[in-house]
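Just follow the structure's listing: the first ligand is 1, and inside any ligand the first atom is 1. Basis for what follows: all heavy atoms, side chains included, without hydrogens, waters or symmetry-related copies. Numbering of residues begins at 1 and proceeds along the displayed sequence.
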Amino acid sequence: EKGGWDSFMDKEIHEDPAAVQRTLLGRFDERGDITLDEVRIDDHDFKSIDKIIVIACGTAAYAGQVAKYAIEHWVRVPVEVELAHEFRYRDPILTPRTLVVAISQSGETMDTLMALRHAREQGSKVLAICNTQGASIPRESDAVLYTHAGPEVAVASTKAFVAQVTASYLLGLYLAQVKGAMFRDEIRQILDALKDMPAKIQWILDTQMTAVHEAAADMVDAHSFLFLGRHVGYPVAMEGALKLKEIAYTFTEGFAAGELKHGPIALVDEGEPVVFIVPPSHGRDVLHAKVLSGIEEVKARGAYIIAVAERGDKDVERYADVVFWRPECPTLLSPLVDVVPLQIFAMDMAKLKGYDVDKPRNLAKSVTVE
Ligand code: F6R
């Protein structure tokens, strides 16, 4: 069943490229027209949407945070991301023009299901992004966009995450199309870039494993890790930190790199491992330079720096102790590649410590209680 791999987690990480590819399959044509066949909300309702709220938990909520950056940029509609268990108890503002997007791998997460019911009771439309056909969340939604990652067995979510992010991009581009927020050519360009992403993920799996294994071996005794990123690198940092907590039982904290000087830098001491998600060095110069100055600051305090950065980034090479390289890709799509070495890194750390990577202690694959 594990197809020759040591663990389901191993197998599922290696299915990241296929998960993205299958989620894109058959959803747009040559001209760049997107059709989301499982969506049963009519265009008129989509056109009138003036706010989107993503509800989800854990990894799915980090996929939602990536969605926020992409959808706000493309569609110019405000997107909030809220943990499903917080959402229902704070009297959220919901109207018939609010689109609630429930993201869930299992489709059975009780917190997300209860939040979805609350949203529908208030008259909002709910669209589910889900990996499990016929589960409770898609059944109770007005529309469903299935991720086609295939069944995920390992408790820690990996291929489902990249599929959720992919589905979120498709939803964003679909909304941009329906609302006329982007030109057809712009949409097509992004779709072309998306089609290239599975090969880019594969490149990571083919070429970056040695660096990841070495970093894990170097850092296996570390007591804590910090993960930092900006823009879409911020949710990737959070997700990388969560993976390491879940399966390697290492204390980690993920945060926005800009926060460093507002407090967390006090934690940085000689030898402290700090993982930076560095934005592409082309195009977004401002953010690249800002993340780099964060790297310099922690380096000056003796931190051990692991960076995820674009191939050929000389500045990063100068400061980082280890670099996991990414191929060039549009910034908004970079989470699809950047998360992959972090998934492997967490798995390596857990294996080196002798833990069962598929069944971490205290965790269940599907959390069906509130
Ligand atoms: C992380 C993980 C959890 C789930 C969360 C939501 O690796 O597995 O954080 O992402 O429990 O689960 P779903 O997506 O099934 O609603």
Side-chain angles (χ1 to χ4, degrees), residues 7-13 15-16 19 23 53-67 81-88 100-117 119 126-141 144-168 227 235-250 252 254 335 339-340 342-347 349-350 355-370:
S7 62
F8 281 105
M9 189 177 185
D10 240 314
K11 171 172 180 270
E12 288 162 5
I13 294 173
E15 288 170 354
D16 281 347
T23 300
I53 305 179
V54 178
I55 50 170
C57 305
T59 290
Y62 297 136
Q65 283 188 23
V66 175
V81 185
E82 184 137 1
L83 294 168
H85 33 90
E86 285 295 315
F87 174 78
R88 198 161 63 105
V100 171
V101 178
I103 307 183
S104 175
Q105 188 286 126
S106 62
E108 298 296 346
T109 299
M110 190 54 73
D111 289 316
T112 310
L113 183 61
M114 297 309 271
L116 169 168
R117 285 184 184 157
V126 177
L127 180 146
I129 292 180
C130 182
N131 198 44
T132 313
Q133 296 274 337
S136 304
I137 289 171
R139 263 202 334 263
E140 294 197 23
S141 296
V144 190
L145 177 48
Y146 280 110
T147 46
H148 297 300
E152 195 178 57
V153 178
V155 166
S157 190
T158 55
K159 63 176 179 173
F161 174 78
V162 290
Q164 285 161 350
V165 170
T166 304
S168 306
F227 282 72
V236 172
M238 300 299 292
E239 170 62 6
L242 178 63
K243 286 287 94 87
L244 202 53
K245 284 175 197 156
E246 280 185 292
I247 59 168
Y249 316 143
T250 308
T252 63
V339 76
V340 178
L342 304 183
Q343 294 172 343
I344 303 263
F345 182 70
M347 182 175 68
M349 292 278 287
Y355 300 140
D356 178 345
V357 297
D358 288 339
K359 290 196 178 58
R361 67 187 184 201
N362 308 343
L363 294 173
K365 181 66 185 160
S366 162
V367 185
T368 52
V369 290
E370 257 195 289

Identify the protein heavy atom lying closest to atom 5 (C) of ligand 1, giving its residue, its atom name and the separation to 0.1 Å. Cys57 O, 3.5 Å
Contact between Lys365 and ligand 1, counting heavy atoms under 4.0 Å? no
Heavy atom of the protein closest to atom 14 (O) of ligand 1 (residue, atom name, distance): Gln105 N, 2.6 Å
Counting from 1, what ligand 1 atoms have a heavy atom of Thr59 closer than 4.0 Å? 1 (C), 2 (C), 7 (O), 9 (O), 10 (O)
If every non-hydrogen atom of Ser157 is compared with every non-hydrogen atom of Lys243, which pair is closest and at what distance? O-NZ, 2.7 Å
Looking at atom 15 (O) of ligand 1, what's its closest protein heavy atom, distance included? Ser106 OG, 2.7 Å
Taking the side chain from Thr147 and the backbone from Ala149, do they hold a donor-acceptor pair closer than 3.5 Å? no
Of all the atoms in ligand 1, which lie at a distance below 4.0 Å from a heavy atom belonging to Ala60? 10 (O), 14 (O)
What is the nearest protein non-hydrogen atom to atom 8 (O) of ligand 1, stated with its residue, atom name and distance? Val155 O, 3.2 Å
Between Glu108 and ligand 1, which part of the residue brings a heavy atom under 4.0 Å of the ligand: side chain, backbone, both or neither? neither
As an exercise, identify every atom of ligand 1 less than 4.0 angstrom from a heavy atom of Lys243. 1 (C), 7 (O)
Of the non-hydrogen atoms in Tyr249 and Arg361, which two are nearest, and what is the gap between them? OH-N, 2.8 Å
What are the atoms of ligand 1, with element, lying closer than 4.0 Å to any heavy atom of Ser104? 13 (P), 14 (O), 15 (O), 16 (O)
Close side-chain approach of Gln133 and His148, heavy atoms under 4.5 Å: yes
Is it true that a side-chain atom of Thr132 and a backbone atom of Gln105 form a donor plus acceptor pair closer than 3.5 Å? yes
Closest heavy-atom contact between Leu116 and Ile55? N-CD1, 3.7 Å
Pull out every atom of ligand 1 sitting under 4.0 Å from any heavy atom of Gly58, numbered as shown with elements. 9 (O)
Are the charged groups of Glu152 and Lys159 less than 4.0 angstrom apart, N to O? no
Closest heavy-atom pair and its distance - Pro360, Val357: CD-O, 3.9 Å
For atom 12 (O) of ligand 1, which protein heavy atom lies nearest, and how many Å away is it? Thr109 OG1, 3.5 Å
Which atoms of ligand 1 are found less than 4.0 Å from any heavy atom of Glu246? 1 (C), 2 (C), 7 (O), 8 (O)
Are the side chain of Asn131 and the backbone of Pro151 linked by a donor-acceptor contact shorter than 3.5 Å? no
Compare every heavy atom of Cys57 with every heavy atom of His85, then report the nearest pair and how far apart it is. CD2-SG, 3.6 Å
Considering only protein heavy atoms, which is closest to atom 11 (O) of ligand 1, and at what distance to one decimal place? Val367 CG2, 4.4 Å
Ligand-residue contact atoms, ligand 1 with Ala156, heavy atoms, under 4.0 Å: 7 (O)
